Amino acid sequence: MKTRIITAALLLISSALSAQTVNVQIHEDSRNLNVIPKEIYGQFSEHLGSCIYGGLWVGPESEIPNIEGYRTDVFYALKELKVPVMRWPGGCFADDYHWRDGIGPKEDRPRMVNSNWGGTVEDNSFGTHEFLNLCELLGCEPYISGNVGSGSVEEMAKWVEYMTAPDGPMAKLRAENGHKEPWKVKYFGIGNEAWGCGGNMKPEYYSHVYRRYATYCRNFGNNRLYKIGSGASDYDYDWTKVLMEMIGNQMDGVSLHYYTVKGWNGSKGSATQFDAEEYYNTLGKAMGIEPVIRRHMAIMDTYDPEKKVDLLVDEWGTWFDVEPGTNPGHLFQQNTMRDAMVAALSLNIFHKYTERVKMTNIAQVANVLQAMVLTKGDKMVLTPTYHVFRMYNVHQDAEYIPSECDSEIRMDGLGRPYPVVDATVSRNAAGEINVALVNTDLEKGMEAVLNFDSLGKATVSGEILTSGNIQDYNGFDDPDKVAPQAFKDFKVKDGKIIVKLPAKSIVCLNIN
Ligand code: AHR
């Protein structure tokens with residue numbers, strides 16, 4: 001009896017130990033691979049809190065170092081990220097925004113109350129020129145959200161003309177304001193969250209409104225607009241169904257918003273003070289975006305089997321309580337290694353669905369929600385999420401290589417699945433393979449065995465993002481607490497790569 005108990009115990013221990021190894025099968029010889037559009041790595045910048053003012057823009061007169069008004073530190077940080085597309089001016093703010101208030105001499109620009117976000121007075125010193133010029137400097141596509149909620153068809157039509165027409169009265173006005181040449185504007189959103197802050201509409205009503213507004217958003221010169229319908233929130237599948245039925249042939253893309261949030265009522269939890277259970281619950285919620293995307297895609301497939309309409313997740317990311325002492329309407333939250341995990345797992349999911357998902361925009365680029373950078377006066381920190389976006393930017397416009405990872409799938413405290421180890425793989429134009437591996441376990445290191453169809457001789461280099469505690473973040477006095485390091489804990493053997501993944505880590509390998 002005693003021997004049997006000991007044998008059973010030994011078996012348990014050995015199976016626990018073998019569970020530390022996961023196999024990732026990488027099918028790099030597959031043909032007709034999808035490309036991961038660079039726009040999957042899009043950003044979102046709203047007139048909200050200090051995203052624009054203090055985050056991207058300080059104005060040319062500021063003592064904070066700037067390039068024509070854009071913060072120098074933030075500008076170069078974003079350059080490094082290779083931001084492909086940036087959405088502006090909202091969000092909810094978009095449906096309160098009147099673009100004519102933000103052009104012409106700064107001293108003549110009217111002020112307004114930003115009613116959505118803390119009642120802050122907006123002086124309109126950052127407007128159309130400031131945004132589009134920033135996009136040009138960054139080399140990214142602008143994505144403009146037009147005002148449907150409180151604007152007019154005429155106002156929207158004239159905005160498109162002002163930005164893109166080579167000649168005519170709006171082009172003349174633009175030239176008088178210092179920009180003779182038209183800008184190229186591709187992505188144009190017909191409203192935002194039309195079911196909520198964008199007008200509290202029903203999908204049928206919005207569809208009619210969309211038709212009217214979209215009709216007058218015209219192509220000028222060589223500019224070709226890509227029109228985006230204001231899509232569903234999370235699990236509102238009926239919204240997608242009605243839009244596809246009624247305006248599926250009028251939209252280039254339809255949006256979807258999904259936040260990793262505990263709930264909309266009551267506390268959303270601290271961004272920095274949380275326990276292991278809350279951490280895993282956050283991952284469970286973040287992973288929930290996958291079935292949501294699949295279900296919206298399935299609805300779209302029934303109306304649009306040829307996949308002419310794209311699905312754009314143009315708001316996503318973590319949403320926690322604001323930092324104590326900050327304006328609750330400004331959505332300023334710190335960003336820990338937990339946020340980095342959410343970013344990596346979400347990007348891994350987006351990579352899988354690029355036959356329909358062509359753009360995503362994390363909310364938001366600076367000082368708001370799951371930000372890339374946080375600023376305080378002249379100080380700036382890069383967040384753990386920033387580091388993931390930088391480490392992952394090798395996947396932009398790369399071929400998505402299918403892979404299978406036999407990791408254990410665990411349930412969070414609310415019964416939602418999340419993987420222990422997750423992987424994503426792509427091949428860039430130079431033929432190099434980039435693999436990202438995520439170990440979500442807080443305690444245990446894992447061994448990942450990467451198996452290939454036919455890996456020949458390979459030179460491998462790696463980078464890791466991890467930290468002592470999952471709650472670690474980059475504070476203004478400790479800006480490099482969570483930062484990527486070179487990673488060498490792997491072996492190339494018999495056509496395989498064996499990688500030792502520390503607990504709570506994100507490892508990126510480049511193989512050529
Ligand atoms: O990103 C913050 C807000 O969340 C946006 O303004 C709105 O579209 C969404 O509800």
Side-chain angles (χ1 to χ4, degrees), residues 42-53 55-56 85-97 112-120 122 126 131 143-151 187-201 203 206 228-236 239-240 253-265 268 271 285-286 289 292 311-323 326-335 339 342-343 346 359-374 383 385:
Q43 297 289 334
F44 172 30
S45 55
E46 179 167 12
H47 288 241
L48 194 180
S50 46
C51 181
I52 302 290
Y53 302 106
L56 298 178
V85 56
M86 184 123 73
R87 181 169 180 249
W88 175 85
C92 294
F93 180 78
D95 284 285
D96 258 334
Y97 183 62
M112 68 176 283
V113 174
N114 189 338
S115 309
N116 282 290
W117 305 118
T120 306
E122 159 73 54
F126 189 94
F131 176 68
Y143 168 3
I144 303 284
S145 285
N147 180 347
V148 169
S150 71
Y187 299 109
F188 197 88
I190 313 289
N192 167 73
E193 296 195 349
W195 40 263
C197 63
N200 278 305
M201 303 178 209
Y206 171 71
I228 301 162
S230 167
S233 160
D234 310 271
Y235 318 99
D236 188 353
W239 187 276
T240 300
V254 62
S255 66
L256 168 67
H257 291 180
Y258 183 96
Y259 282 99
T260 296
V261 61
K262 201 169 175 181
W264 293 109
N265 301 316
K268 296 175 177 65
K285 174 70 184 185
I289 200 171
V292 166
L311 182 62
L312 316 177
V313 188
D314 65 11
E315 287 187 28
W316 67 275
T318 58
W319 193 319
F320 300 117
D321 290 343
V322 297
E323 284 306 300
T326 65
N327 186 329
H330 286 185
L331 311 187
F332 178 85
Q333 66 190 40
Q334 250 300 351
N335 194 295
D339 294 82
V342 170
S346 304
M359 184 198 297
T360 87
N361 307 75
I362 188 168
Q364 298 192 4
V365 69
N367 293 329
V368 170
L369 300 176
Q370 191 174 353
M372 302 297 117
V373 297
L374 300 175
T383 65
T385 299

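Predicted model only: the values in this text are computed from it and were never measured. Whatever order the structure lists ligands and atoms in, that order sets their numbers, starting from 1.
A donor-acceptor contact shorter than 3.5 Å is absent between the side chain of Asp95 and the backbone of Ser150. For the pair Glu46 (side chain) and Cys92 (backbone), a donor-acceptor distance under 3.5 Å is present. No donor-acceptor pair closer than 3.5 Å links the side chain of Asn335 to the backbone N or O of Gln370.
Defined by atom type and a distance below 3.5 Å, a donor-acceptor pair is missing between the side-chain atoms of His47 and Thr120. Inspection of the Asn361 and Tyr143 side chains reveals no N or O donor paired with an N or O acceptor under 3.5 Å. Side-chain contact of Thr385 with Asp339: a donor-acceptor pair under 3.5 Å is absent, judged by distance alone. A donor and an acceptor atom, one from each side chain of Thr360 and Trp316, are located under 3.5 Å apart.
Atom 8 (O) of ligand 1 has Glu315 OE2, 2.7 Å as its closest protein atom, hydrogens excluded (heavy atom only). For atom 10 (O) of ligand 1, the closest non-hydrogen atom on the protein side is Glu193 OE1, 2.8 Å. Considering only non-hydrogen protein atoms, atom 1 (O) of ligand 1 sits nearest to Tyr259 OH, 2.8 Å.
Atoms of ligand 1 lying under 4.0 Å from at least one heavy atom of Asn192, given by number and element, are 8 (O). Atoms of ligand 1 found under 4.0 Å from any heavy atom of Gln364 (numbered from 1 in listed order, with element): 1 (O), 2 (C). Annotation for ligand 1: atoms under 4.0 Å from non-hydrogen atoms of Cys92 are 5 (C), 6 (O), 7 (C), 8 (O).
Rounding to the nearest 0.5 angstrom, the gap separating the CZ atom in Phe126 from the OG atom in Ser45 is 6.5 Å.
The side chain of Leu369, and not its backbone, has at least one atom closer than 4.0 Å to an atom of ligand 1 (non-hydrogen atoms only; side chain from C-beta on). When heavy-atom distances to ligand 1 are checked against a 4.0 Å cut-off, Trp319 comes that close only through its side chain, counted from C-beta outward. Residue-level proximity to ligand 1 for Trp117 is carried by the side chain, the only part with a heavy atom below 4.0 angstrom. Using a 4.0 Å cut-off between heavy atoms, Val368 makes no contact with ligand 1 at all.
Considering backbone and side-chain atoms alike, Phe44 places every N or O at 3.5 Å or more from each N or O of ligand 1. Taking distance alone, with nitrogen or oxygen atoms compared against 3.5 Å, His257 stays at or beyond that limit from ligand 1.
Summarising the geometry of Leu48 relative to Val368, their closest heavy-atom pair is O-CG2, 3.3 Å, with the distance given to 0.1 Å.
In this structure, Phe93 falls outside the shell of residues with a heavy atom less than 4.0 angstrom from ligand 1.
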